[in-house]
Amino acid sequence: MNRSSVDRRVVGRVPERYAPESQLRELKREAGSLPEWCLSERQRCDLELICNGGFAPLTGFLGRADYRGVIDSMRLASGALWPIPVTLDVPQAFAETIAPGRRITLRDPEGVALAILTVTDLWEPDRREEAAGVFGTTDPAHPGVRYLLGQTHPVYVGGSVIGLAPPVHYDFKHLRLTPNDLRQRFERRSWRRIVAFQTRNPMHRAHMELTFRAAREAEANLLIHPSVGMTKPGDIDHFTRVRCYEHLVKRYPEQTTMLALLPLAMRMGGPREALWHAIIRRNHGATHLIVGRDHAGPGKRADGTPFYDPYAAQELVAEYAAEVGIEMLPFKQMVYVRERAQYAPVNEVREGETVLDISGTEFRRRLAEGLEIPDWFSFPEVVEELRRTHPPLYRRGFTVFFTGLSGSGKSTIANALMVKLLELGGRRVTLLDGDIVRRNLSSELGFSKAHRDLNIQRIGFVASEIAKHGGIALCAPIAPYAATRRAVREMVEASGGGFIEVYVATSLAVCEARDRKGLYARARAGQIKEFTGVSDPYEVPENPEIKVDTQGMTPEEAAQSLMLKLEHRGYIR
Ligand code: PPS
C-alpha cells in the first residue's frame, strides 16, 4: 500500500450551502412568499447532504445535463465524478405551478422551510431508462428500481439550493456530525489517516474484526459511519442499530475509534453506490473506505441470482479511487475458524479448518424463534439490544388478512379464529371485519376501485398499528385488488408485525348459491352496481400464506387448521 498518497492532515472545510447569517432574515421572508414543496423522506436526506457538503461538489438537485451525464458516464456536466442521480421529483400538478428561473421553498413535513431552490430545469425523465442506466436493471425486485418506478413523481426539478436551516433531528444528536464537524474533530485529535466503515446493519464480531484489521493495515484511526437515512426496506430500524453501535464502540481501544451517523438515503445500487459512498466519505474527511463483499447490495432477483457480482463494487471503487482521493480497503467475507477460535477472511482459511458463519437470514430466524446466538458470533450486549426490539415471533404482533368473495365465509372463520385465540389467552385480538370497518371507519365510502382501495388502506393502517403494539389484528374485507393487498402487507411488515394472507377460496358459484344476504340476487338484477364477482373484478391471490377451501370443512375446522398453521409458523404457542 502506498502510504504517502493518503498520509495527509485533514485540513480545510468542504463548502456548505447554508445561507450566511446576514442573509437569513431576508431569505426566510422570501421563503414565505414562494411556491412550496414538501420534501419526501428521501429528498430530505438528500437535501441535508447537499447543504452540509456531504454531497460536494453538488450545489443542488441535478439539472438535466448533469442528470444525463451521471446516467451515461457517472460524470456531472463539469466533468466531476458522480455516479448516482440526486433528483427532486414532483407531481405534474406541482410542476405546472413553477418554471425555470422561479424559486421554490423546500419544506419538511412539519412545514419548516429548509431551503430555497432556484429552478433551472424542469423535465419528465424516462425513469425506466434511468433504472437501466444506474442500476443495470428494471427488475422491481431491486429495491432501488422499485422505489424509482413505484414511488417517485414523474417530473424532475433541477436547480441549486441555499439552505435556511439544517433539518431537525431529535435522536442521537451527539452522533449527528456533518462533514465539517468531523473534519474539525479529526484535526483536533490529530487524526491524519481515517478508515471509514459504512454499514446499514447491526455490527457483530465479524464486523469488528474486519474494521480492526482494516485500521491496523492502514495504520489509521477508525470512523464507524452507518447510514441512518433510508436503507433497505425490512432492515433493522436505526434506533436499535445505533444503540448496538454505541455498545460496540466501547469495545474498541480508547481514542482509536469514532462513531458518527450519516443521514444518507441509500439506493442499494451496488458498485455505483459504493463509489458514491467513497466520494461522500472523502467529503467527511476519511482517507480510506472499507469495501466488503457485496457492498450496498440490493439482494437477489426472484430466481435467486445476484444483481451484481459480489466483488464488482471493489473493482469500480479501485478504478476511481485516485480520482476520488480516497484509498479503498477491499475485504473478503470474514468467517469464524473454529480451530483457531478467531475470525479470518474466507480466502485465508486453510484446508481442514472448520468455518462457522451465520447469515443475516439465519440470524433473523434465530431472533424470531428466540434461539441461542453463540458468543463467537456476536456480543451479549448487542444481542440483548436486538432481542429487546425483536422479540420472538410468539411475542410479536401480527395480522391475519382474510380475502375472498362476499359470502365466502371470511367473517365466520375470522370470528371462530378470534374466539380460539382469546381462549388461548395472553394476547389482545381485534377483528376488523368488512362490515364492521365500513360502519366505523369507512362509512362515507362506496365500492368504486378508488373507494375500495382507500377502505383497504385504512384497514392496513389500523392493522399495522395493532401489530406494532404487539396485538393481533384479524382483517376480513373482500380486498379484491392484489396491489392494494401487497401495500397492506408492506405497511404491516414495515411496522415489525407478521402478515399472513388467508385466501378463502370459495367459488363464485357456491357464494352465489348460498347468498346469505341476498346481495347476489340483487346484483344480478342490477340493483347493486359494481358487485365483486358479478360486475366488479376479484384478483385471486397468487401466493397467499394459506388457502382455505371451505367446501367439506366447517368454519370451526377451518379456524382450527389456521391455529395449527399459526403455531407451526411460530406466531402462537
Ligand atoms: S372491499 O372491496 O374490500 O372494500 O369490500 P368490503 O368492505 O369488504 O365489503 C363489505 C361488504 O359490503 C357488502 N357489499 C358489497 N360487496 C361487494 N361489492 C359491492 N358492490 C357491495 N355492496 C355491498 C358485502 O356484503 C360485503 O360483505 P361480505 O362480508 O364480504 O359479504
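As the structure lists them, so they are numbered: ligands from 1, and atoms in each ligand from 1. Nothing here was measured: the structure is a model prediction, and the numbers come from that model. In this chain, numbering begins with 1 at the start of the sequence shown.
Annotation: Phe401 is in aromatic contact with Phe499 [ring centroid separation under 6.0 Å].
Contacts between Ile456 and ligand 1 below 4.0 angstrom, taking non-hydrogen atoms only, involve the side chain exclusively. When heavy-atom distances to ligand 1 are checked against a 4.0 Å cut-off, Pro480 comes that close only through its side chain, counted from C-beta outward.
Relative ring orientation between Trp37 and Phe94 is described as tilted, the plane-to-plane angle lying within the 30° to 60° band. Classified by interplanar angle (parallel below 30°, tilted 30° to 60°, perpendicular above 60°), the ring pair Phe377/His204 is tilted.
Interface atoms of ligand 1 facing Lys410, defined by a heavy-atom separation under 4.0 Å, are 30 (O). For ligand 1 and Thr532, the ligand atoms under 4.0 Å from any heavy atom of the residue are 17 (C), 18 (N). Taking every non-hydrogen atom of Glu530 and a distance limit under 4.0 Å, the qualifying atoms of ligand 1 come out as 18 (N), 19 (C), 20 (N). Those atoms of ligand 1 with a heavy atom of Gly407 less than 4.0 angstrom away are 31 (O). Close contacts of ligand 1 with Pro477, meaning ligand atoms under 4.0 Å from a residue heavy atom, involve 3 (O), 8 (O).
Ala479 N, 2.8 Å is the protein heavy atom nearest to atom 3 (O) of ligand 1. In this structure, the protein non-hydrogen atom closest to atom 10 (C) of ligand 1 is Asp435 OD1, 4.0 Å. For atom 31 (O) of ligand 1, the closest heavy atom belonging to the protein is Ser406 OG, 2.6 Å. Of the protein's non-hydrogen atoms, the one nearest atom 29 (O) of ligand 1 is Lys517 NZ, 3.3 Å. Of the protein's non-hydrogen atoms, Arg452 NH2, 3.1 Å is the one closest to atom 18 (N) of ligand 1. Given atom 6 (P) of ligand 1, the protein heavy atom at minimum distance is Arg438 NE, 3.6 Å.
Tyr520 and Arg524 share no donor-acceptor pair across their side chains, judged by distance under 3.5 Å alone. Residues Thr305 and Asp303 bring a donor and an acceptor atom of their side chains to less than 3.5 Å of each other. Side-chain atoms of Thr506 and Thr550 form a donor-acceptor pair, as typed in the model, at a separation below 3.5 Å. Defined by atom type and a distance below 3.5 Å, a donor-acceptor pair is present between the side-chain atoms of Glu130 and Tyr156. Under 3.5 Å, the side chains of Thr484 and Arg452 contain no donor-acceptor pair of N or O atoms.
Between Tyr481 and Asp536, the shortest heavy-atom distance links the atoms OH-OD2, 3.6 Å.
Contact check for Arg569 versus Glu545: side-chain heavy atoms found under the 4.5 Å cut-off.
Assignment of Arg516 to the shell around ligand 1 is not supported, since no heavy atom sits closer than 4.0 Å. The shortest heavy-atom distance from Lys529 to ligand 1 is under 4.0 Å. Taking 4.0 Å as the cut-off, Leu519 counts as a neighbour of ligand 1 on heavy-atom distance.
In this structure, Arg485 forms a cation-pi arrangement with Tyr538, its terminal cationic atom sitting closer than 6.0 Å to the ring centre and no more than 45° off the ring axis. Judged by a 6.0 Å distance limit and a 45° cone about the ring axis, Arg438 is positioned over the six-membered ring of Phe447.
Atom 16 (N) of ligand 1 has its nearest heavy-atom neighbour, among Leu432, Ile478, Asn455, in Ile478. Looking at Tyr481, Tyr520, Phe447 and measuring to atom 9 (O) of ligand 1, the nearest heavy atom belongs to Phe447.
Taking any N or O of Ala476, backbone or side chain, none lies under 3.5 Å from an N or O belonging to ligand 1.
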